[in-house]
2 protein chains.
Amino acid sequence: MQTSRDEAIRKLIKVFRTYGYEGTTLSLISKMTGLGRASLYHHFPKGKQEMAQATLMHVHQQFCEIVLKPLQQETNPRDRLQGMCEGLNQFYDRGRAACLIAVFSLGGEENMFREPVKKALQEWIASLENVLREAGCDLPRERSREVVMQIQGGLMVARVLDDTTPFEQMLARFPERLLEETNF
Amino acid sequence: MQTSRDEAIRKLIKVFRTYGYEGTTLSLISKMTGLGRASLYHHFPKGKQEMAQATLMHVHQQFCEIVLKPLQQETNPRDRLQGMCEGLNQFYDRGRAACLIAVFSLGGEENMFREPVKKALQEWIASLENVLREAGCDLPRERSREVVMQIQGGLMVARVLDDTTPFEQMLARFPERLLEETNF
DNA sequence: GTCTATATAGGGATAGAC
DNA sequence: GTCTATCCCTATATAGAC
């Protein structure tokens with residue numbers, strides 16, 4: 001069966017999200033995607049590294065589109081926060097999907113994802129911070145970081161407990177809770 | 001140089017915390033601990049699996065002693081929460097040390113740590129829940145899960161941003177914030 | 001308890017036919 | 001774009017001397 005590079009990437013996402021970079025082997029990829037080694041190296045000549053990088057970039061694009069974009073709309077803060085939360089719910093499959101940023105953040109100095117992963121997190125925090133500041137939030141920087149921490153922790157707890165309710169509950173309460181301490 | 005099993009474990013902690021299970025190789029262990037392969041297999045005949053399991057058990061013991069024990073004291077809720085927070089600050093090295101529970105939670109069904117890791121998290125949530133309920137908290141179950149989520153997220157964010165202040169700030173605000181909505 | 005040497009499997013990666 | 005076959009390297013693990 002013919003497979004495009006983009007299809008390949010879509011299949012790779014789940015593998016890397018589940019097993020992390022080191023835990024993902026080419027055999028595993030082959031098994032889970034149904035693609036042979038030759039096909040994989042055809043699409044990604046530089047091998048596993050390139051597969052992971054392409055996957056990370058693809059997911060980052062999705063994230064920008066689904067989560068960040070709502071934050072940068074021209075509506076009122078409440079709607080923007082609401083939009084982000086809906087985006088997050090979708091992007092993380094209601095708590096079932098791990099965050100690649102978290103998954104790729106393991107390892108020492110030699111970790112090749114440190115920089116892009118750090119930038120992505122900072123980007124998110126900054127976008128959220130803008131909305132909160134505009135909403136009249138007291139400590140927008142602190143609050144935005146808190147939100148990100150809660151999301152990340154929620155994903156981890158959901159994965160370990162094999163139960164998405166904590167994540168969903170948290171997400172559901174978010175907009176109200178954040179806007180309580182503002183002018184809106 | 002002679003090394004006891006317990007010394008070996010103490011050195012292993014940092015390696016597994018940093019690189020995760022799959023990312024940790026025996027060569028890496030050898031390099032970071034200064035122990036040769038033969039010494040490692042002398043202490044842990046079943047190899048890497050046993051090293052990881054022994055490390056997890058050791059860390060879990062520490063966790064019970066430093067974090068859970070304060071929660072189970074016979075003092076008032078405020079002091080117990082305060083005790084937990086101080087314990088957490090120490091246990092996670094003010095945000096610099098990753099949580100083994102999180103680090104070992106990657107992988108699919110074949111992950112051998114799923115059960116112990118899940119139990120540890122449930123144990124923590126349950127202990128905290130008891131304190132919060134006793135303090136008159138409205139939704140002790142939800143709140144205790146939230147706390148755990150925030151801690152875990154805080155560790156992840158601190159690692160990625162390479163900055164522990166978010167973690168420390170969150171921890172500092174914890175007891176007050178939790179007790180706001182109670183009788184204490 | 002530690003060393004050196006070695007066995008065996010699986011990892012990532014490549015080549016050439018189709 | 002995919003298949004089969006194969007190479008090399010590193011990973012885990014073991015054996016026996018000290």
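Naming: A, B, ... by sequence-line order, numbering from 1 per chain.
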- request: State, with a plain yes or no, whether a side-chain heavy atom of B:H58 is found less than 4.5 Å away from one of B:D6.
  value: yes
- prompt: A:L35 CG to C:dG12 P: how many Å, rounded?
  reply: 15 Å
message: I want to verify a distance call: between D:dT2, C:dT2, D:dT12, whose nearest atom is closest to the B:T3 side chain?
response: C:dT2
query: How do B:H43 and A:Y41 order along DNA chain C: which one's closest nucleotide is nearer the 5' end?
result: B:H43
- request: May I have the distance from B:R37 (atom CZ) to D:dG16 (atom C1'), rounded to whole angstrom?
  value: 17 Å
message: Is the positively charged end of A:K48 above the ring of A:Y21, judged by distance under 6.0 angstrom from the centroid and angle within 45° of the axis?
response: yes
- prompt: Which of the following nucleotides, C:dA15, C:dG11, D:dT12, is nearest to the side chain of A:T25?
  reply: C:dG11
task: Please figure out whether A:P45 or B:G34 has its closest DNA chain C nucleotide nearer the 5' end.
output: B:G34
message: How many whole angstroms separate atom NZ of A:K48 from atom C1' of C:dG12?
response: 8 Å
Nucleotide D:dT12, atom P - distance to NZ of B:K46 in whole Å: 17 Å
message: Heavy atoms only, 4.0 Å cut-off, all strands: where does B:T24 land among base, sugar-phosphate and nothing?
response: sugar-phosphate
- prompt: Rounding to a whole Å, what distance do you find between A:L26:CG and C:dA13:P?
  reply: 6 Å
Protein-nucleotide distance (A:K31, atom NZ; C:dG10, atom C1'), rounded to Å: 14 Å
- prompt: Between C:dG12, D:dT12, D:dT2, which one does the side chain of A:Q2 approach most closely?
  reply: D:dT2
task: Among the candidates D:dT12, C:dA13, C:dT2, find the nucleotide nearest to the side-chain atoms of B:H42.
output: C:dT2
- prompt: Within this structure, what is the CD-to-C1' distance between A:E7 and D:dG1, rounded to whole angstrom?
  reply: 12 Å
message: Nearest whole Å is fine: how far is C:dG11 C1' from A:I29 CD1?
response: 12 Å
message: Cation-pi check for B:F91 against B:R17: NZ or CZ below 6.0 Å from the six-membered ring centre and within 45 degrees of the axis, yes or no?
response: yes
task: Could you check which of D:dT12, C:dT2, D:dT2 has an atom nearest any side-chain atom of A:S39?
output: D:dT2
task: Look at the rings of B:W124 and B:F63 and say which category their plane angle falls in: under 30° parallel, 30 to 60° tilted, over 60° perpendicular.
output: perpendicular
query: How long is the gap from CG on B:D138 to CG on B:L132, to the nearest 0.5 Å?
result: 11.0 Å
